[in-house]
Undergrad: 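Before we start, here is the structure in question, set down as structure tokens.
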Amino acid sequence: MTQPEVYESIQNDQALNASFWVNIALAGLVTLLFVYMGRNLEDPRAKLIWVATLMVPLVSISSYTGLASGLTVSFLEMPAGHALAGDEVLTMWGRYLTWTFSTPMILLALGMLAGTNLTKLFTAITADIAMCVTGLAAAMTTSSYALRWFWYFISCTFFLVVLYVLLAEWPRDAEAAGTDEIFGLLRNLTVVLWLGYPIFWALGAEGLAVLDVAITSWAYSILDIGAKYIFAYLLLNWIATNERVIAQQPAGIGTGVEPEPGTGTPAED
Ligand code: RET
């Protein structure tokens, strides 16, 4: 199918088209709101969290414009074994591509809030990017149904790394940084909503095809509203009133938790 034909079929599916445009409008509005909310920040670390957070709706506008215009949507013929084998299924592969840019921003903001160190930040972000890219591969593989699910499994493995950092490493760092309360809230919101994405992938047209394309698209759009805009609003609202807590963290990318007494370099006295 040519791009104008894809565009026409999106235009003809009002529910699908609305799931894109509602998000473009929302992302535009929250960008303005977030610029306003961060206008008085001065500490460089607080500003970095703000810039990373601001990038999320900006990436979103580009992502949804790609989908609405048909640029990042393709009709792919599903392989034998798939519930819709032989059919051309509308695949919104642009979503997985642009998550590669938006989700690292969310993790950068969360990691900075927790005052984590470079190693843990790098681990979470690279695993997250790998999760999105292998998720893209799962959606785009048309040669074999089993390999689609194999990619899905690889992506889930990377997701487990992200979950490990979020649930086991950063809470301790956040406690040491004095940001544990807000971190805990944002971590819970993130973990619960992010788990929704692989579930809807598996149930949607790309996986078991229990849900149709428009419903899956709305599910992703609603998850996006929580995981991006509500998340970002809560974070910026806290930063705007608690900039001092962030400014007090040690310079650099944060040191993470203090080493146990008796380990590491002896203190100078
Ligand atoms: C896929 C399918 C393969 C398995 C897994 C997935 C996870 C996706 C996630 C996406 C989060 C997206 C967000 C976007 C905001 O802009 C790729 C669906 C594990 C967790 C938060």
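In each ligand, atom 1 is the first atom listed, and ligand 1 is the first ligand listed. The residues of the chain are indexed from 1 along the displayed sequence.
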Undergrad: With sequence neighbours left out, which residue pairs that include part of residues 228-241 fulfil the salt bridge (charged side-chain N to carboxylate O under 4.0 Å, His left out) condition?
TA: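 Output for this query lists D224-K228.
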
Undergrad: Quick one: hydrophobic cluster around L71, which other residues, with the 4.5 Å side-chain cut-off, linked directly or via members?
TA: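 Grouped by the 4.5 Å side-chain rule, L71 forms a cluster of one, so the answer is none.
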
Undergrad: Quick one: does NZ or CZ of R148 land under 6.0 Å from the six-membered ring centre of Y145, within 45 degrees of the ring axis?
TA: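 Judged by the rule, R148 and Y145 form no cation-pi pair.
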
Undergrad: Put together the list of close N/O pairs, under 3.5 Å, between ligand 1 and the protein, could you?
TA:
from	atom 1	to	atom 2	distance (Å)
ligand 1	16 (O)	S102	OG	2.9
ligand 1	16 (O)	K228	NZ	3.2

Undergrad: Tell me whether the rings of W194 and F159 are parallel (<30°), tilted (30 to 60°) or perpendicular (>60°).
TA: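 Rings of W194 and F159: parallel, under 30°.
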
Undergrad: Please step through side chain to side chain donor-acceptor pair (under 3.5 Å) for the pair Y229 and S60, ending with a clear verdict.
TA: CA-CA 10 Å; Y229 313 138; S60 210; 2.8 Å; yes

Undergrad: Just to verify, what does A15 make a side-chain contact (heavy atoms from CB on, under 4.5 Å) with, not counting sequence neighbours?
TA: D13, A214, W218

